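For reference, the structure discussed in these notes is given below.
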There are 2 protein chains.
Amino acid sequence: MNDVGGPGGHGLLAGTVSYGLKRAYRRVIRDLEEALRPHGFTPPLLAALSLVGANPGIAPAHLAEAMGHGRSRAAPLLDRLEERGLLERRTGADRRSLELHATPAGLDALGRLRPLLDAHEGRITGGLSAAETQALARLLDRLAPGQ
Amino acid sequence: MNDVGGPGGHGLLAGTVSYGLKRAYRRVIRDLEEALRPHGFTPPLLAALSLVGANPGIAPAHLAEAMGHGRSRAAPLLDRLEERGLLERRTGADRRSLELHATPAGLDALGRLRPLLDAHEGRITGGLSAAETQALARLLDRLAPGQ
DNA sequence: TATTGTTATACTCTATAACTATA
DNA sequence: TATAGTTATAGAGTATAACAATA
(Lines give C-alpha, C1' and ligand atoms only; values in the text may rest on other atoms or scores of the structure.)
Protein backbone atom coordinates (compact mmCIF):
# COMPACT_ATOMS: atom_id res chain seq x y z
CA MET A 1 0.00 0.00 0.00
CA ASN A 2 1.88 2.96 -1.28
CA ASP A 3 0.88 6.45 -0.26
CA VAL A 4 1.08 7.74 -3.78
CA GLY A 5 -0.41 4.80 -5.63
CA GLY A 6 1.20 2.08 -7.64
CA PRO A 7 3.55 2.58 -10.59
CA GLY A 8 1.75 3.56 -13.75
CA GLY A 9 -1.22 4.93 -11.87
CA HIS A 10 -2.32 8.47 -11.21
CA GLY A 11 -1.34 8.50 -7.55
CA LEU A 12 -3.59 10.21 -5.06
CA LEU A 13 -6.16 10.99 -7.70
CA ALA A 14 -6.63 7.48 -9.06
CA GLY A 15 -10.17 6.22 -9.04
CA THR A 16 -11.79 9.30 -7.56
CA VAL A 17 -14.98 10.81 -8.89
CA SER A 18 -13.25 14.18 -8.84
CA TYR A 19 -10.49 13.12 -11.22
CA GLY A 20 -12.80 11.04 -13.39
CA LEU A 21 -14.98 14.09 -13.81
CA LYS A 22 -12.02 16.19 -14.83
CA ARG A 23 -10.87 13.78 -17.50
CA ALA A 24 -14.38 13.18 -18.85
CA TYR A 25 -15.03 16.92 -18.94
CA ARG A 26 -11.88 17.59 -20.91
CA ARG A 27 -12.91 15.06 -23.50
CA VAL A 28 -16.40 16.56 -23.73
CA ILE A 29 -15.34 20.17 -23.98
CA ARG A 30 -12.86 19.44 -26.75
CA ASP A 31 -15.36 17.46 -28.76
CA LEU A 32 -17.92 20.22 -28.38
CA GLU A 33 -15.45 22.97 -29.29
CA GLU A 34 -14.50 21.13 -32.47
CA ALA A 35 -18.12 20.52 -33.38
CA LEU A 36 -19.10 24.18 -32.83
CA ARG A 37 -16.03 25.88 -34.33
CA PRO A 38 -17.13 25.60 -37.99
CA HIS A 39 -20.35 27.34 -37.01
CA GLY A 40 -18.69 30.22 -35.21
CA PHE A 41 -19.77 29.15 -31.75
CA THR A 42 -17.94 28.29 -28.56
CA PRO A 43 -19.55 26.30 -25.73
CA PRO A 44 -20.18 29.41 -23.56
CA LEU A 45 -21.69 31.29 -26.53
CA LEU A 46 -24.02 28.41 -27.25
CA ALA A 47 -24.95 28.02 -23.58
CA ALA A 48 -25.80 31.72 -23.33
CA LEU A 49 -27.92 31.75 -26.49
CA SER A 50 -29.65 28.53 -25.50
CA LEU A 51 -30.51 29.91 -22.07
CA VAL A 52 -31.85 33.15 -23.52
CA GLY A 53 -33.88 31.20 -26.07
CA ALA A 54 -35.42 29.11 -23.31
CA ASN A 55 -35.95 32.08 -20.97
CA PRO A 56 -37.11 35.11 -22.97
CA GLY A 57 -36.64 38.35 -21.07
CA ILE A 58 -34.02 36.98 -18.69
CA ALA A 59 -31.65 39.62 -17.27
CA PRO A 60 -27.88 39.44 -17.77
CA ALA A 61 -27.23 38.93 -14.06
CA HIS A 62 -29.67 36.03 -13.96
CA LEU A 63 -28.15 34.55 -17.10
CA ALA A 64 -24.69 34.73 -15.57
CA GLU A 65 -25.94 33.06 -12.43
CA ALA A 66 -27.55 30.26 -14.45
CA MET A 67 -24.25 29.75 -16.25
CA GLY A 68 -22.43 29.61 -12.94
CA HIS A 69 -20.31 32.72 -13.03
CA GLY A 70 -20.25 36.38 -12.10
CA ARG A 71 -22.16 39.26 -13.68
CA SER A 72 -19.15 40.62 -15.54
CA ARG A 73 -18.79 37.47 -17.61
CA ALA A 74 -22.12 38.04 -19.38
CA ALA A 75 -21.34 41.33 -21.14
CA PRO A 76 -18.70 40.16 -23.66
CA LEU A 77 -20.75 37.07 -24.46
CA LEU A 78 -23.85 39.18 -25.09
CA ASP A 79 -21.81 41.62 -27.18
CA ARG A 80 -20.73 38.86 -29.52
CA LEU A 81 -24.22 37.41 -29.84
CA GLU A 82 -25.77 40.82 -30.41
CA GLU A 83 -23.18 41.79 -33.05
CA ARG A 84 -24.20 38.73 -35.00
CA GLY A 85 -27.87 39.57 -34.75
CA LEU A 86 -28.73 36.49 -32.70
CA LEU A 87 -29.87 38.31 -29.59
CA GLU A 88 -31.33 41.64 -28.48
CA ARG A 89 -30.91 43.68 -25.31
CA ARG A 90 -34.15 45.52 -24.52
CA THR A 91 -34.60 47.94 -21.66
CA GLY A 92 -37.31 46.92 -19.21
CA ALA A 93 -39.56 48.74 -16.79
CA ASP A 94 -36.70 49.08 -14.31
CA ARG A 95 -34.32 50.97 -16.56
CA ARG A 96 -31.29 49.60 -14.75
CA SER A 97 -31.94 46.09 -15.95
CA LEU A 98 -32.17 44.57 -19.41
CA GLU A 99 -34.43 41.97 -20.94
CA LEU A 100 -32.63 39.57 -23.24
CA HIS A 101 -34.39 38.04 -26.22
CA ALA A 102 -33.23 35.70 -28.96
CA THR A 103 -33.95 37.12 -32.42
CA PRO A 104 -35.56 34.95 -35.13
CA ALA A 105 -32.03 34.46 -36.47
CA GLY A 106 -30.94 33.36 -33.00
CA LEU A 107 -33.75 30.85 -32.69
CA ASP A 108 -32.95 29.64 -36.20
CA ALA A 109 -29.30 29.14 -35.24
CA LEU A 110 -30.36 27.10 -32.22
CA GLY A 111 -32.51 24.92 -34.46
CA ARG A 112 -29.65 24.35 -36.89
CA LEU A 113 -27.25 23.49 -34.08
CA ARG A 114 -29.54 20.94 -32.52
CA PRO A 115 -28.57 17.92 -34.68
CA LEU A 116 -24.95 18.86 -34.18
CA LEU A 117 -25.41 18.72 -30.42
CA ASP A 118 -27.27 15.44 -30.65
CA ALA A 119 -24.31 14.01 -32.58
CA HIS A 120 -21.93 15.38 -29.95
CA GLU A 121 -23.94 13.79 -27.16
CA GLY A 122 -23.94 10.56 -29.14
CA ARG A 123 -20.15 10.55 -29.42
CA ILE A 124 -19.80 11.16 -25.69
CA THR A 125 -22.22 8.46 -24.58
CA GLY A 126 -21.53 6.08 -27.49
CA GLY A 127 -19.91 3.50 -25.19
CA LEU A 128 -22.86 3.40 -22.83
CA SER A 129 -26.27 1.78 -23.07
CA ALA A 130 -29.36 3.98 -22.97
CA ALA A 131 -29.98 2.95 -19.35
CA GLU A 132 -26.39 3.75 -18.39
CA THR A 133 -26.57 7.10 -20.13
CA GLN A 134 -29.71 8.01 -18.24
CA ALA A 135 -28.23 6.81 -14.95
CA LEU A 136 -25.12 8.93 -15.57
CA ALA A 137 -27.15 12.03 -16.42
CA ARG A 138 -29.12 11.63 -13.19
CA LEU A 139 -26.04 11.07 -11.03
CA LEU A 140 -24.36 14.13 -12.55
CA ASP A 141 -27.44 16.21 -11.90
CA ARG A 142 -27.35 15.19 -8.24
CA LEU A 143 -23.71 16.28 -8.07
CA ALA A 144 -24.56 19.80 -9.29
CA PRO A 145 -28.22 20.24 -8.46
CA GLY A 146 -30.43 23.28 -8.67
CA GLN A 147 -29.15 26.10 -10.81
CA MET B 1 -42.36 20.51 -28.12
CA ASN B 2 -40.37 23.68 -28.22
CA ASP B 3 -37.14 23.79 -30.16
CA VAL B 4 -35.32 25.61 -27.41
CA GLY B 5 -36.82 23.92 -24.38
CA GLY B 6 -39.41 25.11 -21.94
CA PRO B 7 -39.27 28.34 -19.97
CA GLY B 8 -36.95 28.18 -17.00
CA GLY B 9 -34.91 25.38 -18.49
CA HIS B 10 -31.52 25.36 -20.10
CA GLY B 11 -32.75 24.97 -23.65
CA LEU B 12 -30.87 22.72 -26.02
CA LEU B 13 -28.50 21.62 -23.30
CA ALA B 14 -31.05 20.49 -20.74
CA GLY B 15 -30.68 16.95 -19.52
CA THR B 16 -27.62 16.06 -21.58
CA VAL B 17 -24.64 14.21 -20.18
CA SER B 18 -22.43 16.83 -21.79
CA TYR B 19 -23.97 19.73 -19.89
CA GLY B 20 -24.33 17.77 -16.66
CA LEU B 21 -20.64 17.01 -16.87
CA LYS B 22 -19.81 20.66 -17.35
CA ARG B 23 -21.79 21.79 -14.33
CA ALA B 24 -20.53 19.00 -12.10
CA TYR B 25 -16.96 19.69 -13.18
CA ARG B 26 -17.24 23.36 -12.33
CA ARG B 27 -18.43 22.51 -8.85
CA VAL B 28 -15.60 20.04 -8.39
CA ILE B 29 -12.82 22.26 -9.64
CA ARG B 30 -13.87 25.16 -7.44
CA ASP B 31 -14.11 23.02 -4.35
CA LEU B 32 -10.70 21.55 -5.07
CA GLU B 33 -9.11 24.96 -5.74
CA GLU B 34 -10.42 26.29 -2.45
CA ALA B 35 -9.22 23.22 -0.57
CA LEU B 36 -5.73 23.39 -2.08
CA ARG B 37 -5.19 27.17 -2.02
CA PRO B 38 -4.17 27.41 1.67
CA HIS B 39 -1.50 24.81 0.93
CA GLY B 40 -0.07 26.58 -2.10
CA PHE B 41 -1.31 24.07 -4.62
CA THR B 42 -3.55 24.27 -7.67
CA PRO B 43 -5.26 21.23 -9.19
CA PRO B 44 -2.74 20.92 -12.06
CA LEU B 45 0.21 21.26 -9.66
CA LEU B 46 -1.19 18.52 -7.48
CA ALA B 47 -1.96 16.29 -10.46
CA ALA B 48 1.61 16.68 -11.74
CA LEU B 49 3.22 15.95 -8.38
CA SER B 50 0.89 13.04 -7.77
CA LEU B 51 1.71 11.54 -11.17
CA VAL B 52 5.45 11.92 -10.64
CA GLY B 53 5.13 10.39 -7.18
CA ALA B 54 3.32 7.38 -8.62
CA ASN B 55 5.65 7.09 -11.62
CA PRO B 56 9.25 7.76 -10.55
CA GLY B 57 11.50 8.56 -13.49
CA ILE B 58 8.66 9.59 -15.80
CA ALA B 59 9.69 12.03 -18.55
CA PRO B 60 8.05 15.47 -18.93
CA ALA B 61 6.53 14.57 -22.29
CA HIS B 62 4.98 11.44 -20.84
CA LEU B 63 3.73 13.38 -17.83
CA ALA B 64 2.09 15.95 -20.10
CA GLU B 65 0.46 13.18 -22.11
CA ALA B 66 -0.89 11.56 -18.93
CA MET B 67 -2.34 14.90 -17.90
CA GLY B 68 -3.95 15.31 -21.29
CA HIS B 69 -2.05 18.24 -22.77
CA GLY B 70 0.93 19.17 -24.88
CA ARG B 71 4.62 19.01 -23.96
CA SER B 72 4.97 22.74 -23.38
CA ARG B 73 2.50 22.73 -20.52
CA ALA B 74 4.80 20.61 -18.33
CA ALA B 75 7.75 23.01 -18.03
CA PRO B 76 6.17 25.82 -15.96
CA LEU B 77 4.46 23.27 -13.71
CA LEU B 78 7.76 21.47 -13.12
CA ASP B 79 9.51 24.80 -12.52
CA ARG B 80 7.15 25.67 -9.72
CA LEU B 81 7.40 22.24 -8.11
CA GLU B 82 11.19 22.20 -8.38
CA GLU B 83 11.55 25.71 -6.92
CA ARG B 84 9.68 24.49 -3.87
CA GLY B 85 11.92 21.46 -3.51
CA LEU B 86 9.11 18.98 -4.12
CA LEU B 87 10.50 17.48 -7.31
CA GLU B 88 13.82 16.90 -9.10
CA ARG B 89 14.73 16.85 -12.77
CA ARG B 90 17.53 14.32 -13.34
CA THR B 91 19.24 13.74 -16.67
CA GLY B 92 18.94 10.19 -17.92
CA ALA B 93 21.04 7.98 -20.17
CA ASP B 94 19.63 9.73 -23.24
CA ARG B 95 20.74 13.24 -22.34
CA ARG B 96 17.89 14.80 -24.27
CA SER B 97 15.30 13.46 -21.88
CA LEU B 98 14.76 13.97 -18.16
CA GLU B 99 13.75 11.67 -15.35
CA LEU B 100 11.38 13.24 -12.87
CA HIS B 101 11.42 12.24 -9.22
CA ALA B 102 9.47 13.45 -6.20
CA THR B 103 11.80 14.49 -3.36
CA PRO B 104 11.16 13.33 0.22
CA ALA B 105 9.54 16.73 0.76
CA GLY B 106 7.36 16.10 -2.28
CA LEU B 107 6.26 12.70 -1.03
CA ASP B 108 5.64 14.24 2.36
CA ALA B 109 3.45 16.94 0.80
CA LEU B 110 1.43 14.29 -1.01
CA GLY B 111 0.93 12.46 2.27
CA ARG B 112 -0.22 15.62 4.00
CA LEU B 113 -2.63 16.46 1.18
CA ARG B 114 -4.25 13.05 1.19
CA PRO B 115 -6.81 13.68 3.96
CA LEU B 116 -7.63 16.97 2.32
CA LEU B 117 -8.40 15.21 -0.94
CA ASP B 118 -10.44 12.58 0.85
CA ALA B 119 -12.51 15.37 2.40
CA HIS B 120 -12.91 16.99 -1.02
CA GLU B 121 -14.09 13.72 -2.55
CA GLY B 122 -16.46 13.34 0.38
CA ARG B 123 -18.01 16.75 -0.24
CA ILE B 124 -18.47 15.96 -3.92
CA THR B 125 -20.06 12.56 -3.44
CA GLY B 126 -21.77 13.38 -0.15
CA GLY B 127 -25.22 13.13 -1.70
CA LEU B 128 -24.62 9.68 -3.15
CA SER B 129 -24.53 6.24 -1.59
CA ALA B 130 -21.32 4.22 -1.73
CA ALA B 131 -22.77 2.09 -4.52
CA GLU B 132 -23.82 5.16 -6.50
CA THR B 133 -20.41 6.74 -6.05
CA GLN B 134 -18.71 3.62 -7.35
CA ALA B 135 -21.14 3.38 -10.28
CA LEU B 136 -20.47 7.02 -11.15
CA ALA B 137 -16.70 6.57 -10.99
CA ARG B 138 -16.95 3.59 -13.35
CA LEU B 139 -19.23 5.35 -15.81
CA LEU B 140 -16.92 8.36 -15.86
CA ASP B 141 -13.94 6.14 -16.48
CA ARG B 142 -15.70 4.62 -19.47
CA LEU B 143 -16.32 8.09 -20.84
CA ALA B 144 -12.60 8.96 -20.75
CA PRO B 145 -10.83 5.63 -20.79
CA GLY B 146 -7.17 4.77 -21.14
CA GLN B 147 -4.93 7.81 -21.13
C1' DT C 1 -27.43 53.47 -0.05
C1' DA C 2 -28.25 49.48 -3.04
C1' DT C 3 -28.55 47.36 -7.54
C1' DT C 4 -27.66 46.60 -12.67
C1' DG C 5 -24.73 46.48 -16.32
C1' DT C 6 -20.30 47.41 -17.80
C1' DT C 7 -15.29 48.11 -18.00
C1' DA C 8 -10.62 47.30 -16.49
C1' DT C 9 -7.34 44.29 -14.76
C1' DA C 10 -4.93 40.23 -13.77
C1' DC C 11 -4.19 35.43 -13.56
C1' DT C 12 -4.59 30.73 -15.12
C1' DC C 13 -5.13 27.34 -18.60
C1' DT C 14 -4.33 25.98 -23.11
C1' DA C 15 -2.47 25.44 -27.94
C1' DT C 16 0.87 26.50 -31.49
C1' DA C 17 5.12 27.41 -33.23
C1' DA C 18 9.94 28.27 -32.88
C1' DC C 19 14.33 27.51 -30.62
C1' DT C 20 18.31 24.48 -28.31
C1' DA C 21 20.61 20.42 -27.46
C1' DT C 22 21.11 16.03 -28.19
C1' DA C 23 20.74 11.73 -30.97
C1' DT D 1 16.63 14.28 -39.73
C1' DA D 2 14.24 13.39 -35.72
C1' DT D 3 13.32 13.87 -30.77
C1' DA D 4 13.05 16.11 -25.93
C1' DG D 5 12.66 20.04 -23.38
C1' DT D 6 11.96 24.75 -23.28
C1' DT D 7 10.53 29.43 -24.47
C1' DA D 8 7.52 32.80 -26.58
C1' DT D 9 3.21 34.10 -27.93
C1' DA D 10 -1.56 34.49 -28.17
C1' DG D 11 -6.26 33.50 -27.00
C1' DA D 12 -10.01 32.04 -24.02
C1' DG D 13 -12.05 31.60 -19.45
C1' DT D 14 -12.49 33.34 -14.94
C1' DA D 15 -12.58 36.44 -10.71
C1' DT D 16 -12.21 40.86 -8.48
C1' DA D 17 -12.71 45.53 -8.15
C1' DA D 18 -14.22 49.88 -9.70
C1' DC D 19 -17.36 52.77 -12.40
C1' DA D 20 -21.85 55.01 -14.31
C1' DA D 21 -26.75 54.98 -14.37
C1' DT D 22 -30.86 54.11 -12.00
C1' DA D 23 -33.72 53.06 -8.08
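Because the structure is a prediction, the values reported are computed rather than measured. Naming: A, B, ... by sequence-line order, numbering from 1 per chain. Quick note: numbers below take in every heavy atom, side chains included, and nothing from hydrogens, waters or symmetry partners.
Nucleic acid contact for B:Pro44: sugar-phosphate only, since backbone atoms but no base atoms lie under 4.0 Å from a heavy atom of the residue. Residue B:Arg71 is in base contact, counting any heavy-atom pair closer than 4.0 Å across all strands shown. Using a 4.0 Å heavy-atom criterion, one finds that A:Ala59 contacts the sugar-phosphate atoms exclusively.
In this structure, A:Leu98 atom CG and D:dA20 atom C1' are separated by 14 Å, rounded to whole Å. Distance B:Glu34 CD to D:dT14 C1': 14 Å, rounded to the nearest Å. In this structure, CZ of A:Phe41 is placed 13 Å from P of D:dG13, rounded to the nearest angstrom. The distance from atom CZ of A:Arg80 to atom C1' of D:dG11 is 10 Å, rounded to the nearest whole Å. Distance A:Ile29 CD1 to D:dG11 C1': 15 Å, rounded to the nearest Å. We find that CG of B:Asp94 is positioned 11 Å from C1' of D:dG5, with the value rounded to whole Å. Between B:Tyr25 atom OH and D:dG13 atom C1' there is a gap of 11 Å when expressed in whole angstrom units. A:Arg30 places its CZ atom 16 Å from the P atom of D:dA12, with the value rounded to the nearest Å.
Taking the C1' atoms of five terminal pairs at each end of the helix from C:dT1-D:dA23 to C:dA23-D:dT1, the two resulting helix axes are inclined by 20°, rounded to 10°.
Taking the 5' to 3' direction, DNA chain C first and last meets chain B under 4.0 angstrom from a heavy atom at C:dC13 to C:dA23.
For the OP1/OP2 pair of D:dG5 and a distance below 4.0 Å, the side-chain nitrogens and oxygens of B:Arg89 include no atom meeting the criterion.
With values rounded to the nearest 0.5 angstrom, B:Glu82 atom CD is found 8.5 Å from B:Leu100 atom CG. Atom CZ of B:Arg89 sits about 9.0 Å away from atom CG of B:Leu81, to the nearest 0.5 Å.
Distances were taken from every side-chain heavy atom of A:Ser72 (C-beta onward) to each of D:dA17, D:dT22, D:dT6; the shortest belongs to D:dA17. Across D:dG5, D:dA23, D:dG13, the shortest atom-to-atom separation from the side chain of A:Arg73 is found for D:dG13.
Taking hydrophobic clusters as Ile, Leu, Val, Met, Phe, Trp and Tyr residues chained together by side-chain heavy-atom distances below 4.5 Å, A:Leu113 does not share a cluster with A:Ile124.
Nearest-nucleotide assignment on DNA chain D puts the 5′-proximal partner with B:Pro76, out of B:Pro76 and B:Arg26.
For A:Arg123, the salt bridge (Lys or Arg N to Asp or Glu O under 4.0 Å) partners are A:Asp31, not counting sequence neighbours.
Aromatic ring orientation, A:Tyr25 versus B:Tyr25: parallel (interplanar angle below 30°, classes split at 30° and 60°).
At a cut-off of 3.5 angstrom, counting only N and O atoms as typed in the model, there is no donor on one side facing an acceptor on the other between the side-chain of A:Arg96 and the base of D:dA23.
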